There are 2 protein chains.
Amino acid sequence: MSRQKDLVLDILTGSRGHLTAAQVFERAKEHIPNISLGTVYRNLGELHGDGMIGRFVLSDGSSVYDWSPDPHGHLICPVCGKIEDIGDPCLMDDLRRIAGGSLISAEIVAEHVCSDCLSEVNKA
Amino acid sequence: MSRQKDLVLDILTGSRGHLTAAQVFERAKEHIPNISLGTVYRNLGELHGDGMIGRFVLSDGSSVYDWSPDPHGHLICPVCGKIEDIGDPCLMDDLRRIAGGSLISAEIVAEHVCSDCLSEVNKA
DNA sequence: CCTCAAATCAGTAATCATTCCTAATAACTA
DNA sequence: TAGTTATTAGGAATGATTACTGATTTGAGG
C-alpha cells in the first residue's frame, strides 16, 4: 500500500464520507501537493476492486466513492446535495431474494428533498 | 411532436426496450438516415422530462432509456448484457416509505448472472 | 549499505458519452 | 403567402474517466 493509496483510503474512511474522485483529489492535495488525479482514480478503482470501499453512480453519470464497502442504498437531496445512507437492510434483502441470491453488485439511489431543505421551504 | 421525436418514442415503446442513446440512434437511422445523434439525445431528454419514458444509469456511467416511465428496478446480466425489469413493487414501496413518501426519482440497478447464462456455465 | 527488478507515480494525451452552438429547415399562424 | 417560432443536422466543446510514458520509489537479496 503506497503512501498515495493509503491517503486516498484515509480520506474516505476518516471522514466516513461520500466523495467524488475530484473531491478526494482536492483533499489529497492538502497532504501530497503534487499528487495526480490519475493516481486518485487508479487507487480508488483498486480499493473498490479489492472490496475496501463502495461506489455508486449519480443520475448525471459521475461516480461517488463511499467509505463503506457494504452494499446499501443512498438518498440524495437535489437541493443541497447531501447524501444519506439507507440503513434499513430490507431493501437489499428483498433485492437478493428477487435476484435469486446471487447479486454481483447492487445500486439503490433515490432523490428526495431532505428534512433540512424541506423546513427551509416551509419557513418561506 | 416532430417526426424525429415521434420516431424516437416509437423505437422505445414499440420494442418495449431498454436502449442506450447510441442504440436508439442506430435504429432511428433506418427510418431517417440523416437524423443526428444530438437530436436523439435532445428528444430522449425531453421525453424523459415529460414523463413519457424512463431512464437509468449503468455502473459505467452511460444512460439507458426505458420504454416504461413507471419507476421500477432492473436486473442486468454482466455476461450477456440482458436487462430485466423487476416487477415486484415491494422495492419501490419500501423506498418510498424510507424516504418519507416524497421521492423525486429512484434508481435500482443490480447485476446478477441471468438464468440463461447460468445454465450455460453449468453445462461446461 | 548497494543493486536491480517490479510496482507505482506524475503528468499528459486520448477516449467516450453527452451537451452546446449555429446556420438551415420545417411547421404553424395570421 | 409572409412572417414567426420550433426543431433540425452537423460539428465543436465539455467533462469525467482511462490509457500511456518516462521518471521515481520501493523492497528483497546479496
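Because the structure is a prediction, the values reported are computed rather than measured.
- Under the 3.5 Å distance criterion, the side-chain polar atoms of A:Glu107 are matched with a main-chain donor or acceptor of A:Val57.
- Side-chain atoms of B:His112 do not come within 3.5 Å of backbone N or O of B:Ala110 as any donor-acceptor pair.
- Phosphate contact (OP1/OP2 of C:dT18, side-chain N/O of B:Tyr41, threshold under 4.0 Å): present.
- Rounded to whole Å, the distance from NZ on A:Lys5 to P on D:dT26 is 15 Å.
- Using a 4.0 Å cut-off between a side-chain N of Lys or Arg and a carboxylate O of Asp or Glu, A:Asp93 and A:Arg96 qualify as a salt bridge.
- Contacts of residues 48-67 of chain A with DNA chain D (heavy atom under 4.0 Å): A:Ser62, A:Ser63.
- B:Leu44 places a side-chain heavy atom less than 4.5 Å from the side chain of B:Leu12.
- In this structure, CD of B:Glu46 is placed 10 Å from C1' of D:dA6, rounded to the nearest angstrom.
- Remark: B:Gln4 is in phosphate contact with D:dA9, judged by side-chain N or O atoms under 4.0 Å from OP1 or OP2.
- Of the residues in residues 16-37 of chain B, those placing a heavy atom less than 4.0 Å from an atom of DNA chain D are B:Asn34, B:Ile35, B:Ser36, in numerical order.
- Taking atom CZ on B:Arg3 and atom P on D:dT7, their separation rounds to 15 Å, with Å as the unit.
- Comparing A:Gly38 and A:Met1 along DNA chain C, the residue whose closest nucleotide (by nearest heavy atom) sits nearer the 5' end is A:Met1.
- Residue B:Asn43 has no polar side-chain atom (N or O) positioned under 4.0 Å from OP1 or OP2 of D:dT7.
- Put simply, A:Ser2 has no side-chain N or O that comes within less than 4.0 Å of OP1 or OP2 on C:dT8.
- A donor-acceptor pair under 3.5 Å is absent between the side-chain atoms of A:Asp85 and the main chain of A:Gly87, judged by distance alone.
- With respect to the salt-bridge test (charged N to carboxylate O, under 4.0 angstrom), the residues B:Lys123 and B:Glu120 qualify.
- Using a 30° and 60° split on the angle between ring planes, A:Phe56 and A:His74 fall in the parallel class, below 30°.
- A salt bridge does not link A:Arg3 with A:Asp6: every distance from a Lys NZ or Arg NE/NH1/NH2 to an Asp or Glu carboxylate oxygen is 4.0 Å or more.
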Test side-chain contact (heavy atoms from CB on, under 4.5 Å) on A:Cys114 and A:Cys80 and set out the steps. CA-CA 8 Å; A:Cys114 71; A:Cys80 67; 3.8 Å; yes

